[in-house]
Amino acid sequence: MSDSAQLKVEIAVIGAGPGGAVTAMLLAEAGHGVVLLEEGPYLSLDSAVHFSRDEIEQKYRNGGVTMGIGSANMAYVEGCCVGGGSEVNRGLYARTPTDVLDAWRRKFLIDGLTDTEMQYHHKACEQIALVSSLPGQAPPLSLRLREGAARLGWRVEEIPRLVSYKHDPTTGCVVGRKQSMTETFVPRFIKAGGRLLSDARVIRLFRSGGYWQVRTHFRGDTKSERVVTLVADTVIVACGAIQTPALLRRSGITHNIGNNLRFHPMIKVVAAFSDEMNLPGQLDPVHQVKEFDPRFSMGCSMSSRPLLSLALLDHPEHLAEVDQNWRHMGIYYVQTTGGRGTVRTLPVFKDPLVRLQYDSADMRELGEGLQKLGECLFAAGAVALYPGIVGASVIRSLAEMKRISVEIQAKRANLSTLHLFSTCPMGEDDYRCATDSFGKVHGVEELYVSDASLLPGPTIVNPQGTVMAVAHRNALRFLERRGPRAKASSITAQVTGGVGVRSVQ
Amino acid sequence: MSFNQIVTALTESIIYDRCDASARLSRNVASCFVLTQCRRMPDYLQFPFMCLTWGFDAWTIVFTGRPFHLLSQEQRIRQVHAWRTSTWGFRRDFMKFYEAFVIFACYSDVYPADDHRQTSGYRFRSSR
């Protein structure tokens with residue numbers, strides 16, 4: 001660690017995921033001087049193939065080795081690159097359900113956040129990050145889920161994605177491109193004059209002399225880290241549901257921070273069919289069974305051979321089937337809203353500790369979801385199911401499925417999640433909430449939160465749309481309070497240690 | 001003994017035990033990947049995990065007089081099985097961690113084209 005430098009900015013947005021990128025773009029376009037700091041690198045969408053080993057190495061926090069510890073351990077994934085989670089997820093998109101908004105408003109005393117208000121913000125985001133349905137037929141693995149649900153009379157939906165499809169006249173094919181943050185909001189932020197500092201890890205925030213001091217370890221073009229302190233009028237923290245509470249707690253801000261982690265725990269099942277389902281060149285699966293929302297929903301995952309091999313980890317004797325029968329196999333999941341957790345920092349250590357708790361009702365709900373998923377897959381023609389439960393046997397019929405215990409033993413469940421929320425819930429209920437209804441941290445001047453940690457509970461649906469819409473809403477409220485500003489004098493570099501702060505203009 | 005030696009030996013044993021013969025060529029790739037993942041895991045887990053790995057290596061000294069990484073492949077696989085099916089949860093979790101990364105790395109290496117088949121987030125083509 002060497003040299004220290006200072007950079008004076010008007011607004012520092014920390015974290016370039018969906019919440020941070022939307023916020024930073026709106027503020028920059030309104031003329032404010034905004035610096036967007038991101039711990040990870042700035043990589044294009046094409047730097048690694050999606051869901052590949054390269055992508056895990058390049059874009060996942062801790063190389064994907066992130067885990068919540070508790071009565072049942074749960075692996076979770078966080079993007080650690082410009083664009084955050086939007087770069088590594090599948091881009092499945094949904095607007096926030098009305099009943100979810102109603103419940104949040106009522107329980108957490110949130111001003112506004114009505115369905116009508118949120119529709120406006122969803123639409124505004126969808127004009128920048130385009131949302132589309134598949135241009136052709138969904139892949140067989142996805143269609144099978146739909147067929148199974150239809151046979152049982154269950155509600156099933158094709159979920160649109162943040163993908164822009166264009167017809168390529170030279171090949172006559174449709175070419176799709178995911179609308180991640182590096183493809184949409186981040187370029188617009190840069191075009192509006194915002195400065196993006198990637199490879200910049202914020203260690204701590206201090207309030208001094210009416211300004212925020214943002215202490216940052218900056219890994220520029222050289223391999224060694226340098227300390228850069230940003231002096232900011234306003235700080236907006238958007239590091240995601242785990243890193244935001246960790247940063248705030250490290251900075252001594254702890255009121256209702258990191259106490260209320262919620263998530264969508266997911267358990268996977270590999271299904272084998274008698275005919276070939278998993279065909280080369282197919283598009284992403286997009287169907288989800290919504291019959292049992294909000295208790296649990298079901299869907300289909302990417303099912304490449306490397307991912308199938310991982311999903312069969314609890315069935316070691318059947319791993320060889322991936323080599324032989326992979327075209328007949330697909331990965332499905334059920335996810336619920338059960339379980340709670342906390343995020344805490346530990347003395348000396350950089351990474352936060354995530355602790356989880358489930359009660360028997362949570363595990364029972366997962367078990368019921370698993371049974372329903374099995375029912376749906378057998379109705380769709382599955383001949384064998386390999387559930388992600390340690391020591392579980394292969395299930396070859398519905399009767400066998402019904403014989404397994406509905407309540408899954410927590411220690412045996414192979415849980416994972418991509419959706420984490422609620423560690424800094426917003427609202428006017430000071431007893432439960434960390435921020436006001438628009439993301440301003442209670443009792444702290446000029447400090448805001450703008451990411452999934454604001455959402456007071458599980459979204460039930462894929463959460464990126466909600467994160468973007470809430471960020472859009474809160475940024476517009478911020479601008480209403482603050483007003484537009486000429487940006488000519490808003491970013492002043494006062495480099496005292498010769499550090500070459502790399503910015504992307 | 002070095003941590004790298006133990007991880008390499010364990011990686012090799014998992015591949016011999018769990019994967020197709022074609023995956024044996026991927027052992028170096030898998031070892032590198034697993035070592036990288038060990039270095040990148042949350043910092044508060046790194047030291048306990050290294051200790052557990054050394055403990056795993058030393059465990060066989062009691063029964064065979066030699067650490068795990070110096071055993072024959074057959075003996076090593078026996079130890080891997082014992083830990084995978086152990087009644088002690090930490091042993092099962094330890095083995096699951098290594099198996100997950102070794103198997104994923106091997107299959108990614110053996111079937112690189114699979115990553116391109118389903119290409120969300122990447123350019124892909126679909127006939128109407």
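Throughout, protein chains are lettered first and strands after them, A, B, ... in sequence-line order, and every chain is numbered starting at 1.
Shown here for A:Ala138 and A:Val286, the closest heavy-atom pair between the two residues is CB-CG2, 4.1 Å.
Residue B:Val102: no heavy atom, backbone or side chain, is found under 4.5 Å from chain A. Residue A:Lys350 touches chain B through both its backbone and its side chain, counting heavy-atom pairs closer than 4.5 Å. For A:Leu312, the part lying under 4.5 angstrom from a heavy atom of chain B is the backbone only. Residue contact with chain B, scored on non-hydrogen atoms closer than 4.5 Å, is absent for A:Leu308. Residue contact with chain B, scored on non-hydrogen atoms closer than 4.5 Å, involves the backbone and the side chain of A:Ser309 alike. Using a 4.5 Å cut-off between heavy atoms, B:Arg39 makes no contact with chain A at all. Neither the backbone nor the side chain of A:Val88 comes within less than 4.5 Å of any heavy atom in chain B. Heavy atoms closer than 4.5 Å to chain B are found in the side chain of A:Leu346, but not in its backbone. With a threshold of 4.5 angstrom between heavy atoms, A:Leu353 approaches chain B through its backbone and through its side chain. When heavy atoms are compared at a cutoff of 4.5 Å, A:Val354 approaches chain B solely by way of its backbone atoms N, CA, C and O.
Between A:Asp351 and B:Arg40 there is no salt bridge, since no side-chain N of the basic residue sits under 4.0 Å from a carboxylate O of the acidic one. A salt bridge does not link A:Asp284 with A:Lys178: none of the charged nitrogens is closer than 4.0 Å to a carboxylate oxygen.
Among residues 88-97 of chain B, the residues having any heavy atom closer than 4.5 Å to a heavy atom of chain A are, in sequence order, B:Asp93, B:Lys96, B:Phe97. When the heavy atoms of residues 71-82 of chain B are compared with those of chain A, none of the residues falls under 4.5 Å.
Put simply, the side chain of A:Glu321 never gets that close to the backbone of A:His318: no donor and acceptor are under 3.5 Å apart. Side-chain atoms of B:Thr60 come within 3.5 Å of backbone atoms of B:Arg66 as a donor-acceptor pair (strictly under, hydrogens ignored). A distance-only check finds a donor-acceptor pair linking the side chain of A:His50 to the backbone of A:Asn89 [under 3.5 Å]. Not a single donor-acceptor pair under 3.5 Å links the side chain of A:Arg412 to the backbone N or O of A:Ile389.
Donor-acceptor pairing under 3.5 Å is recorded for the side chains of B:Tyr98 and B:Thr53.
Pairs engaging residues 56-77 of chain A under the salt bridge (charged side-chain N to carboxylate O under 4.0 Å, His left out) rule: A:Glu39-A:Arg61, A:Arg61-A:Glu78 [sequence neighbours left out]. Pairs engaging residues 11-32 of chain B under the ring-ring contact (aromatic ring centres under 6.0 Å, His included) rule: none recorded [sequence neighbours left out].
Under the 4.5 Å side-chain criterion, counting only non-hydrogen atoms from C-beta, A:Leu143 is in contact with A:His287. Inter-residue side-chain proximity for A:Gln464 and A:Met181 is flagged as met; some heavy-atom pair is nearer than 4.5 Å.
A:Asn278 contributes atom CG, which lies 11.5 Å from atom CG of A:Asn325 (distance to the nearest 0.5 angstrom).
Between chain B and the options A:Ala75, A:Ser86, A:Pro352, A:Ala320, the largest number of non-hydrogen pairs under 4.5 Å is found for A:Pro352. Note on A:Val390, A:Val348, A:Asp314: by heavy-atom pairs under 4.5 Å with chain B, the leading option is A:Asp314.
Paired with B:Val34 under the rule side chain to side chain contact (heavy atoms under 4.5 Å, CB included), one option of B:Cys38, B:Ser31, B:Cys32 passes, and it is B:Cys38.
B:Phe49 and B:Phe56 have their aromatic ring centers separated by at least 6.0 angstrom.
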